[in-house]
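Before any comments, here is the structure.
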Amino acid sequence: MIDLNADLGEGFGRWTLTDDDALLSVVTSANVACGFHAGDPSVMHRVCALAAERGVRIGAQVSYRDLAGFGRRAMEVPPAELAAEVAYQIGALRVFAEAAGSEVAYVKPHGALYNRTVHDAAQARAVVAGVRLAGGALPVLGLPGSRLLDAAAEAGLPGVPEAFADRAYTARGTLVPRGEADSVVTDADAVVDRALGFAVRGGVAAVDGTTVAVLARSLCVHGDTPGAARIAARVRAALEAAGVGIGAFA
């Protein structure tokens, strides 16, 4: 059994990036932008309503406060301030999730914050503190072996390991930084093969040719990848054909 998640609601005002309607017909969990890297009240409201209507679990995708950089720029934020900002974002999304008859079921950091919490224990603990401040023992999505999942476990929160079907991996099991060549996998056949690798074989080929073991409960297909909805549909069909059950973890 594996969960399929995608980053959704990554629009702002008249600007639209993700095909939310199409992706919500495929995924089981929606990482909804909460306004700090993308998203605005109208976008959050619409995506939560669609997700609830289709039985897709709603997750808060929290970020550094960086609309201009789409949350992908390194930032130095004091832990107490970061915890408050994480709680603020969860609270904002919760209003729209509950108005749709659903709830915020989990939390996933975005972009630079996600990558920072792989190795930075202080920032990881701040994210978890923000989750606790927002109330409830919400599951936290993170990279296997990350400081974020360690911090979640220490705080008594469920830590959910995830893999990325459309991102390149280093030999250490971390994501290749987006600034480097070929960090994003856009070929649909390759994405499908990598998804099967995670779900069936428990690993993926790293950029140096070695095989990295990755045991994940959730599989991410980025919503801003070109043709994301079509690729996600192919991934789901291939997993189901291989006998892998598809279901939300939350």
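Excluded from the calculations below are hydrogen atoms, water molecules and symmetry mates; all remaining heavy atoms, backbone and side chain alike, are included.
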Open item on the list: Does E10 form a side chain to side chain contact (heavy atoms under 4.5 Å, CB included) with H222? I'd like the steps, not just the answer.
Closed with: CA-CA 11 Å; E10 291 184 328; H222 279 92; over 6 Å; no
- [ ] Give a yes or no on whether V127 and L133 share a hydrophobic cluster (residues Ile, Leu, Val, Met, Phe, Trp, Tyr; joining criterion: side-chain heavy atoms under 4.5 Å apart).
- [x] no
Task: Test item: V214 and P144 side chains (from C-beta on) under 4.5 Å apart, heavy atoms - done: yes
- [ ] Looking only at non-hydrogen atoms, find the nearest pair between L67 and A38 and report the distance.
- [x] CD2-N, 3.7 Å
Open item on the list: Per the ring-ring contact (aromatic ring centres under 6.0 Å, His included) rule, what does the pair list look like for residues 131-152, sequence neighbours excluded?
Closed with: none
Task: Check: F249 ring centroid to Y106 ring centroid under 6.0 Å - done: yes
- [ ] List for me each residue that meets salt bridge (charged side-chain N to carboxylate O under 4.0 Å, His left out) alongside E240, sequence neighbours excluded, and say none if there are none.
- [x] R236
- [ ] Let me see the working for K108 and D7 under side chain to side chain contact (heavy atoms under 4.5 Å, CB included), right down to the final yes or no.
- [x] CA-CA 10 Å; K108 175 182 174 178; D7 302 343; 3.8 Å; yes
Open item on the list: Could you work out, with ring-ring contact (aromatic ring centres under 6.0 Å, His included) as the rule, every residue matching F70, not counting sequence neighbours?
Closed with: H37, H110
TODO: Please list, chain by chain and in numerical order, all residues satisfying side chain to side chain donor-acceptor pair (under 3.5 Å) with R167, sequence neighbours excluded.
DONE: none
Open item on the list: In the structure I gave you, are the side-chain heavy atoms of E98 and V104 within less than 4.5 Å of one another anywhere?
Closed with: no
TODO: Any side chain to side chain donor-acceptor pair (under 3.5 Å) involving residues 185-197? Give me the pairs, sequence neighbours left out, ordered by first then second residue.
DONE: D189-R234
Task: Approximate separation, where rounding is to 0.5 Å, of F96 CZ and C34 SG - done: 10.5 Å
Open item on the list: Please enumerate all residues that pass side chain to side chain donor-acceptor pair (under 3.5 Å) together with S102, with sequence neighbours excluded.
Closed with: none
Open item on the list: Are V26 and V244 connected into the same hydrophobic cluster when the rule is that any two of I, L, V, M, F, W, Y join if their side-chain heavy atoms are below 4.5 Å apart?
Closed with: no
TODO: For the pair S218 and D3, evaluate side chain to side chain donor-acceptor pair (under 3.5 Å) and give the outcome as yes or no after the intermediate values.
DONE: CA-CA 4 Å; S218 187; D3 169 66; 2.5 Å; yes
Task: Heavy-atom closest contact (V86 atom, V131 atom, distance) - done: CG1-N, 4.0 Å
- [ ] Report whether V176 and V185 are members of the same hydrophobic cluster (ILVMFWY, side-chain heavy atoms less than 4.5 Å apart, transitive linking).
- [x] no
Would you be so kind as to tabulate the donor-acceptor pairs closer than 3.5 Å made by side chains of residues 203-211, with sequence neighbours excluded?
| unit_1 | atom_1 | unit_2 | atom_2 | d |
| --- | --- | --- | --- | --- |
| D208 | OD1 | T210 | N | 3.0 |
| D208 | OD1 | T210 | OG1 | 2.6 |

TODO: Output, in order, the C-alpha distance, side-chain angles, deciding distance and verdict of side chain to side chain contact (heavy atoms under 4.5 Å, CB included) for L93 and C48.
DONE: CA-CA 8 Å; L93 187 65; C48 284; 3.6 Å; yes
Open item on the list: Checking the side chain of D20 only, and the main-chain atoms of L8 only, is there a donor and an acceptor separated by less than 3.5 Å?
Closed with: no
TODO: Measure from the side-chain N and O atoms of D19 to the backbone N and O of A229, and report whether any donor-acceptor pair falls under 3.5 Å.
DONE: no
Task: Exercise: identify the closest heavy-atom pair between R132 and L157 - done: CD-CD2, 3.4 Å
- [ ] Kindly give the cluster partners of Y88, where membership spreads through any ILVMFWY side chain lying under 4.5 Å from a current member.
- [x] F36
Identify all side-chain donor-acceptor contacts of residues 113-125 below 3.5 Å with residues at least two apart in sequence or on another chain.
| unit_1 | atom_1 | unit_2 | atom_2 | d |
| --- | --- | --- | --- | --- |
| Y114 | OH | L143 | N | 3.0 |
| Y114 | OH | E162 | OE2 | 3.0 |
| N115 | ND2 | G111 | O | 3.4 |
| R116 | NE | D120 | OD2 | 2.7 |
| R116 | NH1 | M75 | O | 3.1 |
| R116 | NH2 | E76 | OE1 | 3.2 |
| R116 | NH2 | E76 | OE2 | 3.4 |
| R116 | NH2 | D120 | OD2 | 3.2 |
| T117 | OG1 | L113 | O | 3.2 |
| T117 | OG1 | Y114 | O | 2.9 |
| D120 | OD1 | A122 | N | 3.0 |
| D120 | OD1 | Q123 | N | 3.0 |
| Q123 | OE1 | Y64 | OH | 2.6 |
| Q123 | NE2 | V77 | O | 3.0 |

Task: Non-neighbouring partners of H45 that pass side chain to side chain donor-acceptor pair (under 3.5 Å), sequence neighbours left out - done: none
Task: Donor + acceptor pair across side chains of S25, R54 (<3.5 Å) - done: yes
- [ ] Any side chain to side chain donor-acceptor pair (under 3.5 Å) involving residues 134-147? Give me the pairs, sequence neighbours left out, ordered by first then second residue.
- [x] none
TODO: Would you mind reporting whether V221 and V27 have side-chain heavy atoms less than 4.5 Å apart?
DONE: no
- [ ] For T28 and L4, indicate whether the former's side chain and the latter's backbone hold a donor-acceptor pair under 3.5 Å.
- [x] yes
Task: Note, I90 side chain near V62 side chain (heavy atom, < 4.5 Å) - done: yes
Open item on the list: Side-chain heavy atoms nearer than 4.5 Å, only ILVMFWY residues, links allowed to pass through others: does that put F198 and L215 together?
Closed with: no
Task: Closest non-hydrogen atom pair, P139 against V160 - done: CB-CG2, 4.0 Å
- [ ] With sequence neighbours left out, write down each residue that passes side chain to side chain donor-acceptor pair (under 3.5 Å) with R178, or none if nothing qualifies.
- [x] none
- [ ] Heavy atoms only: give me the nearest R73-A68 pair and the separation to one decimal.
- [x] NH2-CB, 3.7 Å
- [ ] Give the C-alpha distance, both sets of side-chain angles, the deciding distance and a yes or no for side chain to side chain contact (heavy atoms under 4.5 Å, CB included) between R57 and E103.
- [x] CA-CA 8 Å; R57 302 300 279 161; E103 62 183 350; 2.8 Å; yes
Open item on the list: Is there a path of hydrophobic side-chain contacts, each under 4.5 Å between heavy atoms, that joins V212 and L149?
Closed with: no
Task: Pairwise distance CG(L82) to OG(S63) - rounded to 0.5 angstrom - done: 9.5 Å
TODO: Of all the heavy-atom pairs spanning L141 and P109, show the shortest one and how long it is.
DONE: O-CD, 3.6 Å
